[in-house]
Peer 1: 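Take this structure first; my questions come after.
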Amino acid sequence: MKIAIIGTGNLGLSIAKGVLHSNGATNMYMTKRNVESIKEFESYGNVTVTSDNRIAVQNSDILIFAVQPSHFGQILEDIKDLLNEKHVVISTITGFSIAKMESIIGADNYIVRSMPNTAISVGKSMTCICGNEKGRKRIDLTKAIFNRMGHSLEIPEEQMQAATVICASGIAFWMRLIRATTQGAIQLGFDAKEAQELAMHTCNGAASLLIESGNHPEEEIDRVTTPMGCTIKGLNEMEHQGLSSSLIRGIVASFDKITEFKTK
Ligand SMILES: NC(=O)C1=CN([C@@H]2O[C@H](COP(=O)(O)OP(=O)(O)OC[C@H]3O[C@@H](n4cnc5c(N)ncnc54)[C@H](O)[C@@H]3O)[C@@H](O)[C@H]2O)C=CC1
Ligand SMILES: O=C(O)[C@@H]1CCC=N1
């Protein structure tokens, strides 16, 4: 598998690390404007680092674009004449529709949108995927690539904006909750390192329990909340302070922000 990461910044670098850790590519190109910060990746032997997207496209089959939304249109213009039947054009770009991509490179390309998160670097991404008419013939291949770096789900393009919030931004929401739990643990007497260790592994356990059991969260919460116990006291106080409501309102605000920059 010959993969190009076009735009090796925060997300692109996470994807590159995930590809390398999962041995997901026989050959990988990594591009960015200034390559100094990623030069070290050439030590992997099967990695080429360059600022030239055209070279990367010519030497790769799977093209994963991870540039800022405002840069993506011009980058597609710059490489569109190189695209052929071997290429799968995979975009992680928030708010950049398939129709907009087709208006630049044409509908006769294998186009897939993928919405991963930075946990892809450690093989734990939740990645949502959709494709254009030709791209849907490459969905299984795309899922195979992203399933080596976590879990993936094909969804309609209409849900990609919501998926961006829940999965891509969502990982930051969960890490803020881990940080808040850590601060609570520090207040209760743990040092910062141990406090974060407790918070991370408890969070990991909660997610793993739900994934493995397939149970509803409240079913599992009912197993923890001893009558008149400390857990229900804490949970009810959190809800009195608006825990669930503040999370939901933050998720909706994040969604509305994407709508804002989509309409610009
Ligand atoms: N950061 C995240 O967790 C996620 C980001 N996304 C999307 O991924 C895209 C990238 O986001 P970030 O990684 O956070 O941004 P970033 O700014 O960290 O990375 C963008 C990279 O693109 C490079 N770039 C700019 N122009 C270029 C060009 N002409 N050729 C090659 N590289 C070029 C920049 O040097 C930079 O390294 C955005 O569209 C964002 O919406 C999607 C899901 C998650
Ligand atoms: O914050 C952002 O706009 C990008 C999309 C999801 C994660 N990072």
Side-chain angles (χ1 to χ4, degrees), residues 3-19 28-41 47-60 63-80 82 89-98 100-101 104-105 111-122 124-130 142 145-146 149-153 155 157 159-176 250-264:
I3 294 179
I5 311 280
I6 309 292
T8 312
N10 287 326
L11 179 69
L13 189 57
S14 297
I15 296 173
K17 287 174 180 173
V19 169
M28 181 163 70
Y29 274 75
M30 299 164 65
T31 82
K32 67 185 295 186
R33 277 172 303 198
N34 179 340
V35 298
E36 267 324 294
S37 63
I38 55 172
K39 265 291 186 203
E40 66 189 271
F41 283 86
V47 173
T48 305
V49 166
T50 177
S51 58
D52 187 329
N53 294 326
R54 291 179 63 85
I55 288 177
V57 168
Q58 285 170 311
N59 291 285
S60 307
L63 311 177
I64 302 177
F65 291 84
V67 295
Q68 301 237 1
S70 57
H71 300 148
F72 190 36
Q74 186 55 54
I75 290 167
L76 285 178
E77 287 286 357
D78 296 343
I79 57 94
K80 67 182 182 181
L82 301 173
V89 178
I90 299 175
S91 161
T92 69
I93 319 304
T94 299
F96 209 103
S97 69
I98 287 173
K100 203 168 174 184
M101 292 172 73
I104 299 169
I105 63 175
I111 296 175
V112 175
R113 287 185 64 189
S114 159
M115 195 44 66
N117 60 41
T118 48
I120 199 162
S121 62
V122 294
K124 293 288 183 186
S125 176
M126 176 64 235
T127 303
C128 291
I129 294 167
C130 65
T142 307
I145 294 168
F146 285 92
M149 303 182 279
H151 183 74
S152 68
L153 180 68
I155 61 172
E157 185 177 21
Q159 291 183 314
M160 283 297 272
Q161 182 170 333
T164 302
V165 176
I166 301 303
C167 308
S169 302
I171 196 163
F173 304 155
W174 289 110
M175 288 191 278
R176 179 58 57 85
I251 284 168
V252 173
S254 183
F255 182 90
D256 291 345
K257 180 65 181 175
I258 300 173
T259 303
E260 189 185 301
F261 66 64
K262 265 192 349 182
T263 47
K264 271 183 183 162

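The figures that follow rest on heavy atoms only: side chains count, while hydrogens, waters and symmetry mates do not. Counting starts at 1 for both ligands and their atoms, in listed order. Remember, it's a predicted structure, so these values are computed and weren't measured experimentally.
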Peer 1: Tell me the protein heavy atom at minimum distance from atom 23 (C) of ligand 1, and give that distance in Å.
Peer 2: G7 CA, 3.9 Å

Peer 1: May I ask you to decide if L11's main-chain N or O and T118's side chain share a donor-acceptor pair within less than 3.5 Å?
Peer 2: no

Peer 1: Does atom NZ (K124) have a neighbourhood of more than 12 heavy atoms from anything else shown, all under 6.0 Å?
Peer 2: no

Peer 1: Going by the atom numbers of ligand 1, which of them fall below 4.0 Å from some non-hydrogen atom of H71?
Peer 2: 25 (C), 26 (N)

Peer 1: When you check the side-chain N and O atoms of Q161 and T259, is any donor under 3.5 Å from an acceptor?
Peer 2: yes

Peer 1: Would you sort out whether S125 and N117 count as a side chain to side chain contact (heavy atoms under 4.5 Å, CB included), showing the intermediate values?
Peer 2: CA-CA 5 Å; S125 176; N117 60 41; 3.7 Å; yes

Peer 1: Counting only heavy atoms, tell me which of L13, I75, T92 gets closest to atom 7 (C) of ligand 1.
Peer 2: T92

Peer 1: Among T48, T50, N53, find the residue that satisfies the side chain to side chain donor-acceptor pair (under 3.5 Å) test when tested with T31.
Peer 2: N53

Peer 1: In this structure, does ligand 1 have an atom that sits under 4.0 Å from one of the heavy atoms of S169?
Peer 2: no

Peer 1: Under 4.0 Å from a heavy atom of T8: give me the atoms of ligand 1 that qualify, with their elements.
Peer 2: 37 (O)

Peer 1: In the protein, which heavy atom is nearest to atom 17 (O) of ligand 1, and how far is it?
Peer 2: Q68 NE2, 2.8 Å

Peer 1: Just let me know how M115 lines up against ligand 1, side chain, backbone, both or neither, with a heavy-atom cut-off below 4.0 Å.
Peer 2: side chain

Peer 1: Enumerate the atoms of ligand 1 whose separation from the nearest heavy atom of P69 is less than 4.0 angstrom.
Peer 2: 38 (C), 39 (O)

Peer 1: Taking only heavy atoms of A168 into account, list the atoms of ligand 1 that are under 4.0 Å away from them.
Peer 2: 43 (C), 44 (C)

Peer 1: Taking only heavy atoms of T94 into account, list the atoms of ligand 2 that are under 4.0 Å away from them.
Peer 2: 5 (C)

Peer 1: With a 3.5 Å distance limit and no angle check, can you tell me whether E77 reaches the backbone of I104 through a side-chain donor-acceptor pair?
Peer 2: no

Peer 1: Can you establish whether the number of heavy atoms outside R54 located under 6.0 Å from its atom CZ is more than 12?
Peer 2: yes

Peer 1: For ligand 2, which atoms have a heavy atom of A168 less than 4.0 angstrom away?
Peer 2: 6 (C)

Peer 1: With backbone taken as N, CA, C and O and side chain as the heavy atoms from C-beta onward, which portion of N53 lies under 4.0 Å from ligand 1: side chain, backbone, both, or neither?
Peer 2: side chain

Peer 1: From the options I129, L63, I64, select the one residue that forms a side chain to side chain contact (heavy atoms under 4.5 Å, CB included) with V112.
Peer 2: I129

Peer 1: Name the closest protein heavy atom to atom 36 (C) of ligand 1, giving the residue it belongs to and the distance to 0.1 Å.
Peer 2: G9 CA, 4.1 Å

Peer 1: Can a donor-acceptor pair be found, under 3.5 Å and without considering hydrogens, that links the side chain of T164 to the backbone of M160?
Peer 2: yes

Peer 1: Counting non-hydrogen protein atoms only, what is the nearest one to atom 13 (O) of ligand 1? Give residue, atom name and distance.
Peer 2: L11 N, 2.8 Å

Peer 1: Which of these, S37, G170, A66, has its nearest heavy atom closest to atom 11 (O) of ligand 1?
Peer 2: A66

Peer 1: What protein heavy atom is closest to atom 18 (O) of ligand 1, reported as residue, atom name and distance in Å?
Peer 2: N10 N, 2.9 Å

Peer 1: Output yes when K39 and E36 qualify as a salt bridge under the 4.0 Å nitrogen-oxygen rule, no when they do not.
Peer 2: no

Peer 1: In sequence, state the C-alpha distance, the side-chain angles, and the governing distance for I15 and I3, and then conclude on side chain to side chain contact (heavy atoms under 4.5 Å, CB included).
Peer 2: CA-CA 11 Å; I15 296 173; I3 294 179; over 6 Å; no

Peer 1: I'd like to check whether T94 has a polar contact with ligand 1, where a contact means an N/O of the residue lying under 3.5 Å from an N/O of the ligand.
Peer 2: yes

Peer 1: Considering only non-hydrogen protein atoms, determine which one is nearest to atom 2 (C) of ligand 2 and report residue, atom name and distance to 0.1 Å.
Peer 2: S169 OG, 4.9 Å

Peer 1: Does the residue T118 have a heavy-atom contact with ligand 1, meaning some pair of atoms that are separated by less than 4.0 Å?
Peer 2: yes

Peer 1: Go through it in stages, so that I can follow the logic: the residues are F41 and T8, the test is side chain to side chain contact (heavy atoms under 4.5 Å, CB included), and I'd like the CA-CA distance, side-chain angles, deciding distance and then a yes or no.
Peer 2: CA-CA 11 Å; F41 283 86; T8 312; over 6 Å; no

Peer 1: So if I count the atoms of ligand 1 from 1 in the order they appear, which ones are less than 4.0 Å from some heavy atom of P116?
Peer 2: 43 (C), 44 (C)

Peer 1: Is any N or O atom of V67, backbone or side chain, closer than 3.5 Å to an N or O atom of ligand 1?
Peer 2: yes

Peer 1: Please confirm whether N34 comes within less than 3.5 Å of ligand 1 when only nitrogen or oxygen atoms on both sides are compared.
Peer 2: no

Peer 1: If you round to the nearest 0.5 Å, how far is OG of S169 from CD1 of I258?
Peer 2: 6.0 Å

Peer 1: Return the residue, atom name and 0.1 Å-rounded distance of the protein heavy atom closest to atom 34 (C) of ligand 1.
Peer 2: R33 NH2, 3.8 Å

Peer 1: Under 4.0 Å from ligand 1, counting heavy atoms only, is it the side chain of K32, its backbone, both or neither?
Peer 2: both

Peer 1: Tell me, with the steps shown, if M149 and F146 meet side chain to side chain contact (heavy atoms under 4.5 Å, CB included).
Peer 2: CA-CA 5 Å; M149 303 182 279; F146 285 92; 4.2 Å; yes

